[in-house]
Amino acid sequence: MKKGTLSLLILPLSLLVGCDKKTLEVADRVIFGNITTMDENNPKAEAVAIKDKKIIAVGNKEEVKKYIGNKTKVDGFSSSYIFPGLIDGHAHPSLMSTVKAASCIIPISSDTHKEGDLVAYAKIMNEFIQQHKDYEVYEGYGFWVTDTNPTASILDQYCVTDKPVVIIDGGGHSAWLNTAAINRFIGDTKAKRDAFIQTFSRNCVIVDIDDNPTGYVIETPRYAITDKIPHSKETIKRGILEFQEVLLKEGYTTILDCSIVENEFSPQVTAFKELEEEGKLKLRYRAYYEVSEYNYNETYKTPKEYREHEIEKAINFNKTLKGDHFQIIGIKAFLDGVPEALTAWTSRAYPASAGKGDSYYGVARWLGKEAELEDTVYAANSNGLSVQLHTFGDAAIHLGAKTFDNVQTKLKAEGKNADCRNGLAHCGLVGGEEDLELIRRSNTSVLVPPQWSSVKESTYGHEKDTFGDRADEAYKVKTYIDKGINTSFHTDGMVRNGAPELFFAATTRLEASNPAESIKVRGENEKVDAMTALKCMTINSSYLAKEENNIGQIKVDMMADFTIYNVDYSKDEICTNWDYFKNVKEVALIIGGEFVYRIY
């Protein structure tokens, strides 16, 4: 894929509005408007014709009018701006669909409580419990840790129930349990609890002075616990459809869903498959099946045996699920954690302010299992699956890049397809030139969150506790692009940042919800221009998904997926202007030539 800026955009519009077309035929739909195509050979257009979900012509009005017949639907957007359907490179709709259908959504802060108010969180959870008396396990989502870790005693006091209560934090990497949940998921005897602690370590299972679990777990044990909370297929399907309505308003037509699973407790793949068959999916979901360094299923003797079984499932799903809207395209694994949980894996010890001692480097989830990680990536890549690795700290990024490079070298030596399209997600703090070269050489994509680049009071403390003075070097964007590394933007989590927020953050490095919350600009030289930001949300993301010939551009023979706004995000003066940004509206979303969202 050719990278770089679209230099043709400096030419006069009269030279840019050509026509990319197939043999003349009657279109199902013709759309007129101000079109940015992301096609270097035809960057701007005035109209597009669609037939059988695909684009058959792109160009000026007069050329495209020839495709209009008696039954052609005609839509005009003369005062709006049409872009290729935007693609989120890393998000969690499968997880959040379950959350939306079965959980209490807890605001991190509101008019009635401050961020980190654990008692307020527990009281909100109790209101949910009293309204859903028949639940087997009560789930919540959205608490936030500031100075004090949550404990089971707080939930026991304020949540009136003898059933398990489990609340996932707003970042998704830790969980808060009441005593009933500790007994069910960690162990109801001292021996079982000690074994759980031994398996996952005291860095991840927080204990009191008597070495008993306090009710707060981080990283792998969080997933080991929440993966065993039962969800019915119908509940998951309802959540997918409810959350899909949220996503349609965020500006994305394709979501790369990382961490989907299929097991007796959470049949997520089956739920998506059935909704596709029922014609109820509107968005395109390209999913990565989650595998782990630990054994979550006692049926298997070792983590390696369990992981091999899960990879085989992913390979089978990849071969059999080929719908327009839902496919399994890879696997996903965690190499470390996140700054807010003090679990990102770094090459330097955490500073004293973290309160973790003199030689704490975060949670290195595959430390000592590097050969197994390489085997896992090889098993996926050699069977046509891509891999996304969660990598926040520089030590995790180094291991991920080195692993991808080793696997690609091995595949080439064996004469196998080495076009793996692997990705490193989050990339909070990358190392030096060596790691950048490893990433570039192995054709690895980086998935970066421009909205996290802003320096805010609520998150900067965690970043300083994790990265020390290097916190001001975090969340690079332009560095990767300048090195020729394919760079895709992502929202993560609940897709709680719509596309406009990412455009604004990428071009300004300021807080998108309110620039005044930014303490300072981090990495002035990491800002990108508007067209580069747009490329990171279209062409680059489609390349990551191995769909660069299908989505990401408005071009003949590609899918008719469009995002339409009331402002022109191809212009720097629009992306960087807060007055424009705060009034932005998504006018419409078109997938496969059909409107799936429209405000009028």
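Basis for what follows: all heavy atoms, side chains included, without hydrogens, waters or symmetry-related copies.
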Legend entry - Enclosure of K304 NZ (heavy-atom neighbours >12, cutoff 6.0 Å): no

Legend entry - Flag if over 12 foreign heavy atoms under 6.0 Å of CD, E278: yes

Inset, instruction - Using only heavy-atom distances, determine whether the side chains of S445 and N486 contain a donor-acceptor pair under 3.5 Å. - result: yes

Legend entry - Under 3.5 Å side-chain donor-acceptor pair for S232 and E234: no

Donor-acceptor contact below 3.5 Å, side chain [X] vs main chain [Y]:
X    : Y    : result
D394 : G431 : no
Q451 : T491 : yes
T98  : S94  : yes
K322 : N318 : yes
E264 : P230 : no
S103 : I105 : no
T270 : P267 : no
E276 : Q327 : no
D88  : H490 : no
R193 : I186 : no

Which word best sums up how the rings of [X] and [Y] line up, parallel for under 30°, tilted for 30 to 60°, or perpendicular for over 60°?
X    : Y    : answer
Y135 : Y138 : parallel
Y223 : F334 : tilted
W452 : H426 : tilted
Y289 : F317 : tilted

Who are the side chain to side chain contact (heavy atoms under 4.5 Å, CB included) partners of [X], not counting sequence neighbours?
X    : result
I206 : N149, T214, Y216, I218
D358 : none
K356 : L342, A354, Y360
V596 : L248, K282, L589, I591

Any non-hydrogen side-chain atom of [X] less than 4.5 Å from a side-chain atom of [Y]?
X    : Y    : result
R202 : D211 : yes
S174 : F143 : yes
I106 : Y141 : no
D492 : H90  : yes
S386 : C420 : no
T253 : L86  : no

Inset, instruction - Mind running side chain to side chain contact (heavy atoms under 4.5 Å, CB included) on L424 and I439 for me, showing each step along the way? - result: CA-CA 9 Å; L424 299 174; I439 295 169; 3.9 Å; yes

Where is the tightest heavy-atom contact between [X] and [Y], given as atom of each residue plus distance?
X    : Y    : value
L399 : E370 : CD1-CG, 3.8 Å
C204 : E219 : SG-CB, 4.3 Å
D210 : K190 : O-NZ, 3.8 Å
T466 : P351 : O-CD, 4.1 Å

Legend entry - Verdict with reasoning, S292 to R307, per side chain to side chain donor-acceptor pair (under 3.5 Å): CA-CA 7 Å; S292 175; R307 189 164 54 248; over 6 Å; no

Kindly list each side-chain donor-acceptor pair under 3.5 angstrom involving residues 122-129, sequence neighbours excluded, with atom names and distances?
| unit_1 | atom_1 | unit_2 | atom_2 | d |
| --- | --- | --- | --- | --- |
| N126 | OD1 | Q130 | NE2 | 2.9 |
| N126 | OD1 | V160 | N | 2.8 |

Legend entry - Ring centers of Y121, H113 separated by less than 6.0 Å: yes

Legend entry - Sequence neighbours excluded, every pair satisfying side chain to side chain donor-acceptor pair (under 3.5 Å) that has a member inside residues 153-167: T151-S153, D156-T179

Legend entry - Residues which pass side-chain hydrogen bond (donor to acceptor under 3.5 Å, both in side chains) with T112, listed by chain and number, not counting sequence neighbours: S110

Legend entry - Audit row: F326, Y285, ring-ring contact (aromatic ring centres under 6.0 Å, His included) steps and yes/no: CA-CA 5 Å; F326 178 69; Y285 300 91; 7.2 Å; no

Using a strict cut-off of less than 4.0 Å between a Lys/Arg side-chain nitrogen and an Asp/Glu carboxylate oxygen, indicate whether [X] and [Y] qualify as a salt bridge.
X    : Y    : result
R286 : E547 : yes
E293 : R365 : yes
E310 : K313 : yes

Legend entry - Worked verdict on E340 versus T459 for side chain to side chain donor-acceptor pair (under 3.5 Å): CA-CA 7 Å; E340 61 265 26; T459 57; over 6 Å; no

Inset, instruction - Determine, step by step, whether H390 and H173 satisfy the ring-ring contact (aromatic ring centres under 6.0 Å, His included) criterion, reporting the C-alpha distance in whole Å, the side-chain angles of both residues, the deciding distance to 0.1 Å, and the verdict. - result: CA-CA 12 Å; H390 171 110; H173 284 257; 5.0 Å; yes

Under the salt bridge (Lys or Arg N to Asp or Glu O under 4.0 Å) rule, collect the residues that match up with [X], sequence neighbours excluded.
X    : result
R222 : none
E274 : K233, K237
E139 : none

Inset, instruction - With sequence neighbours left out, write down each residue that passes ring pair (Phe, Tyr, Trp, His ring centres under 6.0 Å) with F467, or none if nothing qualifies. - result: none

Inset, instruction - Please say whether the positively charged group of R348, taken as NZ for Lys or CZ for Arg, lies over the ring of Y361, i.e. under 6.0 angstrom from the six-membered ring centre and within 45 degrees of the axis. - result: no

Inset, instruction - Evaluate the side chain to side chain contact (heavy atoms under 4.5 Å, CB included) criterion for residues I87 and S542: first the C-alpha distance (whole Å), next the side-chain angles of each, then the deciding distance (0.1 Å), finally the verdict. - result: CA-CA 7 Å; I87 305 165; S542 69; 3.8 Å; yes

Could you pull out all donor-acceptor pairs under 3.5 Å where a side-chain atom in residues 378-385 meets a protein atom, sequence neighbours excluded?
| unit_1 | atom_1 | unit_2 | atom_2 | d |
| --- | --- | --- | --- | --- |
| Y378 | OH | E414 | OE1 | 2.6 |
| Y378 | OH | E414 | OE2 | 3.4 |
| Y378 | OH | K416 | NZ | 2.9 |
| N381 | OD1 | N422 | ND2 | 2.9 |
| N381 | ND2 | L385 | O | 2.8 |
| N381 | ND2 | N422 | OD1 | 3.0 |
| S382 | OG | Y378 | O | 2.7 |
| S382 | OG | A379 | O | 3.4 |
| N383 | ND2 | A379 | O | 2.8 |

